[in-house]
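One-based numbering, in listed order, for ligands and for the atoms of each. By convention here, the first residue in the shown sequence is residue 1. Computed from a predicted model, the values in this text were never measured in an experiment.
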Amino acid sequence: MRIVLLGAPGSGKGTLAGRLAGELGVPHLSTGELLRAEVARNTDLGRRVAPYLEEGSLVPDDLTEAVVRPTLDRARAGGGYVLDGYPRTIHQARALGDDVVVVHLALPDEVARGRLLSRDEGRADDADAAVVDHRIAVYHDETAPLLDLYGRRGALITVDADQPPDAVATDVLAGVARPR
Ligand code: ADP
């Protein structure tokens, strides 16, 4: 099973992905984590990626693919994944292919903003209100259009993310189990 989580920054993609992956017995892949790990290793690629993470802009598709593609392909061959943070652009949605179940974690911007600014994971891109606002705007401009794309395909499950993590996970598992 290949599950994709779409939602604004702060919508709980990481938390939910970890739980779903545990329930379904597939790996949790976070493209944000893969990109941050590349930066931490201080590779050539990591040095090119770093400025985008700092300013809260999307990493360009070619760099993103170079970092995440090997891991995505390996997990796909291994039987599936819960994917958190990808696709974020139409180009990435095309690269991912069709046979994915897409879960939209719906959350008002103000709630997302409040969560990010009080998050205690020590991420630099959560500490600065201007960067947080930019990430939310980028989500609306570049990633939210994917909701229409997947909605038209009948592949979209929308869940209210403004609930405690247990309730979100219950709703998502029920949605994934429902025939589409
Ligand atoms: P959040 O969803 O809270 O912003 P992520 O860890 O998913 O957290 O993403 C952090 C940053 O990593 C994004 O602001 C962006 O710069 C980069 N990033 C993550 N996934 C992608 C992607 N698929 N394409 C381009 N950039 C990405």
ask   = In the hydrophobic cluster built from side-chain contacts under 4.5 Å, what are the other members alongside Ile3?
value =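 Other cluster members: Met1, Leu5, Leu16, Leu20, Leu24, Val26, Val82, Val101, Val103, Leu105, Ile157, Val159, Val168, Val172, Leu173, Val176.
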message = Using a strict threshold of under 4.0 Å (side-chain N to carboxylate O), is an ion pair present between Arg113 and Asp109?
response =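 No, Asp109 and Arg113 are not salt-bridged.
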query = Under 4.0 Å between a Lys/Arg side-chain N and an Asp/Glu carboxylate O for Arg47 and Asp44?
reply =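 Yes, Arg47 and Asp44 are salt-bridged.
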key: Gap between atom OG of Ser11 and atom CG of Asp160 - 0.5 Å precision   =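 Asp160 atom CG to Ser11 atom OG measures 11.5 Å (nearest 0.5 Å).
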query = Which pair of heavy atoms, one from Val4 and one from Tyr86, lies closest together, and at what distance?
reply =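 Answer, listing the atom of Val4 first, then Tyr86: CG1-O, 3.5 Å.
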N or O contacts of ligand 1 with protein under 3.5 Å, please list pair by pair.
residue, atom, partner, partner atom, Å
ligand 1, 2 (O), Lys13, NZ, 2.8
ligand 1, 2 (O), Arg88, NH2, 2.9
ligand 1, 3 (O), Arg119, NH2, 3.3
ligand 1, 3 (O), Arg135, NH2, 3.1
ligand 1, 4 (O), Arg88, NH2, 3.4
ligand 1, 4 (O), Arg135, NE, 3.4
ligand 1, 4 (O), Arg135, NH2, 3.1
ligand 1, 6 (O), Arg36, NH1, 3.0
ligand 1, 6 (O), Arg36, NH2, 3.2
ligand 1, 7 (O), Arg88, NH1, 3.1
ligand 1, 7 (O), Arg88, NH2, 3.4
ligand 1, 8 (O), Arg123, NH2, 3.1
ligand 1, 16 (O), Ser57, O, 2.6
ligand 1, 20 (N), Thr31, OG1, 2.8
ligand 1, 20 (N), Gly85, O, 3.2
ligand 1, 20 (N), Arg88, NH1, 3.0
ligand 1, 23 (N), Gly85, O, 2.8
ligand 1, 23 (N), Gln92, OE1, 3.0
ligand 1, 24 (N), Gln92, NE2, 2.9
ligand 1, 26 (N), Val59, N, 3.0

request  = Before giving the answer on side chain to side chain contact (heavy atoms under 4.5 Å, CB included), spell out for Arg135 and Leu116 the whole-Å C-alpha distance, their side-chain angles and the decisive distance to 0.1 Å.
outcome  = CA-CA 10 Å; Arg135 282 157 59 207; Leu116 290 170; 3.7 Å; yes
